[in-house]
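Per chain, numbering begins at 1; letters A, B, ... match sequence-line order.
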There are 2 protein chains.
Amino acid sequence: MLIRKLDSIFDLDEEDRQALLDLPVTLRDVAAGQDIVTEGDEPSQCCIVLEGLTNWYKMIPDGRRQIVAFHLPGDIPDLQSLYLGVLDCSLAANTPCRLATVRHEDLKAICRARPRIAAALWRSSLIDGAIFREWILGMGRRSARENAAHLLCEMLVRLDAAGLAVDHQFALPLTQIEMADALGLTPVSVNRALQDLRAERLVAISRRSVRILDWAGLKRVCHFDPAYLHCRSALANAD
Amino acid sequence: MLIRKLDSIFDLDEEDRQALLDLPVTLRDVAAGQDIVTEGDEPSQCCIVLEGLTNWYKMIPDGRRQIVAFHLPGDIPDLQSLYLGVLDCSLAANTPCRLATVRHEDLKAICRARPRIAAALWRSSLIDGAIFREWILGMGRRSARENAAHLLCEMLVRLDAAGLAVDHQFALPLTQIEMADALGLTPVSVNRALQDLRAERLVAISRRSVRILDWAGLKRVCHFDPAYLHCRSALANAD
DNA sequence: CGTGCGATTGACTTTAGTCAACCATAGTGG
DNA sequence: CCACTATGGTTGACTAAAGTCAATCGCACG
């Protein structure tokens with residue numbers, strides 16, 4: 001899974017792949033709703049998502065919550081902890097998750113030995129940054145409807161790149177409450193925005209699963225341009 | 001300037017510093033308001049800000065604009081271009097700027113030769129990411145007033161860390177229009193938010209210069225916690 | 001002394017938030 | 001197997017925050 005991902009964002013050679021396979025990892029299962037790591041922690045390992053959906057969130061002391069990122073299978077959500085020390089937000093599981101954990105020292109060693117892998121990991125953290133920037137744009141300048149549409153577009157492309165979308169359809173195991181926390185809205189607004197998109201026959205949403213009915217139309221609604229995802233999904237191009 | 005910055009975020013040794021000093025750089029001056037690099041470019045060099053204030057911005061085709069980051073002297077705004085290829089946003093100068101540019105190949109070479117420098121640069125891009133996350137929280141869950149206060153707090157700590165703030169006072173060469181584009185608000189709302197903060201005697205703002213009158217009070221307004229900046233400024237601690 | 005940009009203000013509109021009820025569904029325990 | 005419960009989705013009525021529009025003010029600059 002990790003290799004598939006890194007391969008997709010950087011050209012690795014056979015030795016790189018072997019080195020990755022030789023990394024000592026520990027498996028860890030996390031229940032839905034649980035924190036994987038928590039703000040203030042200083043982890044000595046990183047995790048790779050094998051299965052499930054995870055999110056980073058931040059809280060304001062008075063209880064307001066904001067999800068700042070989602071991570072899919074193949075992602076290394078807490079790669080930042082490798083060089084950042086204490087975490088500035090918490091990572092939680094949206095669904096039951098299976099993770100592989102790798103110790104920082106092993107990761108640092110492989111980066112030292114194989115610059116190509118270091119570059120791939122660095123690049124992956126830069127892509128995370130690019131997604132953050134797009135989210136900032138969305139929260140600052142897009143309407144609720146546009147930003148909801150944009151999130152669906154982003155999820156489709158990312159899930160597709162991870163091989164988790166078929167025919168413009170994918171599982172999106174998020175409640176509207178979680179979507180609201182990601183979009184900086186209230187659940188009521190999210191509900192109305194989604195209804196809107198459904199009424200226009202752009203998407204069909206049922207029981208945690210999304211089908212994009214009119215991909216071109218949905219992209220038009222939110223001016224979606226997948227360049228920021230820096231990935232090679234077919235959906236990221238013409239279509 | 002670059003060394004000062006990297007030193008502040010990572011422990012370099014004498015040889016690292018010498019290697020950085022030996023990097024071939026080109027100086028470049030940019031006028032206020034000019035783009036330094038533009039969305040869609042594929043730069044073959046990075047720039048280091050020596051003097052001036054720069055910002056990354058994204059546009060929605062219909063003209064809406066969002067500033068997604070500011071970069072101060074010592075920062076390497078487009079470090080991302082080292083591994084990301086085509087830019088997903090544009091970098092502009094808020095003020096006349098003096099930049100030092102370094103070719104990607106030289107930067108990659110120094111990273112290969114001196115892992116400590118690679119780590120410092122990587123870390124610096126991760127800090128950029130941490131700031132993005134905090135901005136997402138702000139735009140999603142903070143009121144106009146809170147987020148304006150938060151931006152002032154962030155700027156104080158960052159400028160202080162760069163040696164550009166004295167006694168809780170610093171130059172902030174931004175119009176309210178630019179501030180609005182950074183906060184995801186309209187200029188009118190920014191004006192009102194700032195008036196609010198002034199009326200409470202938390203800050204004094206005059207001709208592009210800000211003086212924090214009540215640092216503790218200002219932090220309280222926006223629940224400012226500088227941990228996300230991952231820097232060693234005195235202001236980042238107790239105070 | 002104009003000119004023009006940016007800051008400020010007031011009146012009004014729009015969007016999203018709030019509150020509260022109700023519905024639908026899935027899982028639980030009897 | 002079915003009623004019971006809880007969670008999440010939906011809806012409507014109302015509120016609040018921020019946006020819009022437009023006029024005015026203040027300054028720096030040519």
Fill in the blank from the handout: Atom CE of Met139(A) and atom P of dG19(D) are separated, to the nearest Å, by 14 Å
Problem - Separation of atom CG in Asp196(A) from atom P in dT11(D), rounded to whole Å - result: 12 Å
Exercise for the section: Tell me what Arg198(B) touches on the nucleic acid: a base, only sugar-phosphate, or nothing, going by heavy atoms under 4.0 Å. Expected result: sugar-phosphate
Exercise for the section: Under 4.0 Å between any heavy atoms, over every strand shown, what does Arg208(A) touch: base, sugar-phosphate, or nothing? Just pick one. Expected result: sugar-phosphate
Practice task
Whole angstrom is fine here: how far is it from CE in Met179(B) over to P in dT8(C)?
Solution key: 10 Å
Practice task
Go through dA20(C), dT8(C), dG8(D) for me and flag the one nearest to the Ile177(A) side chain.
Solution key: dG8(D)
Fill in the blank from the handout: Between Thr175(A) and Thr186(B), whichever has its closest DNA chain D nucleotide further toward 5' is Thr175(A)
Exercise for the section: Calculate the interatomic distance between Leu183(A) atom CG and dT15(C) atom C1'; express it in whole Å. Expected result: 15 Å
Handout entry: Check: Thr95(B) side chain, Gly52(B) main-chain N or O, donor-acceptor pair, under 3.5 Å
Key = no
Practice task
Run the salt-bridge test on Asp214(B) and Arg220(B) with the 4.0 Å N-O cut-off and return the result as yes or no.
Solution key: no
Exercise for the section: Measure from CZ on Arg192(B) to C1' on dA16(D) and round the result to the nearest Å. Expected result: 14 Å
Fill in the blank from the handout: Here the distance between atom P of dA16(D) and atom CZ of Arg145(B), to the nearest Å, is 17 Å
Problem - Parallel, tilted or perpendicular, as decided by the 30° and 60° cut-offs, for the rings of His150(A) and Phe224(A) - result: perpendicular
Practice task
Considering only NZ, NE, NH1 and NH2 on the basic side and carboxylate oxygens on the acidic side, decide whether Asp62(A) and Arg64(A) come within less than 4.0 Å.
Solution key: yes
Exercise for the section: Find which nucleotide of DNA chain D each of Asn191(A) and Arg141(A) is nearest to by heavy atoms, and output the residue with the more 5' nucleotide. Expected result: Asn191(A)
Handout entry: Residue Ser189(A), side-chain heavy atoms: nucleotide from dA18(D), dG17(C), dG10(C) that is nearest
Key = dG17(C)
Practice task
Answer with base, sugar-phosphate or nothing: what part of the nucleic acid does Arg64(B) contact at a heavy-atom distance below 4.0 Å?
Solution key: nothing
Practice task
Please state how far atom CD in Gln176(B) lies from atom P in dA18(D), giving the value in whole angstrom units.
Solution key: 16 Å
Handout entry: Side chain of Gln195(A) (C-beta onward), nearest among dT10(D), dA18(D), dT9(C)
Key = dT10(D)
Exercise for the section: Report yes if the side chains of Arg211(A) and His168(A) come closer than 4.5 Å at any heavy-atom pair, otherwise no. Expected result: no
Practice task
Return the value, rounded to whole Å, for the distance between atom CG of Asp181(B) and atom C1' of dG6(C).
Solution key: 14 Å
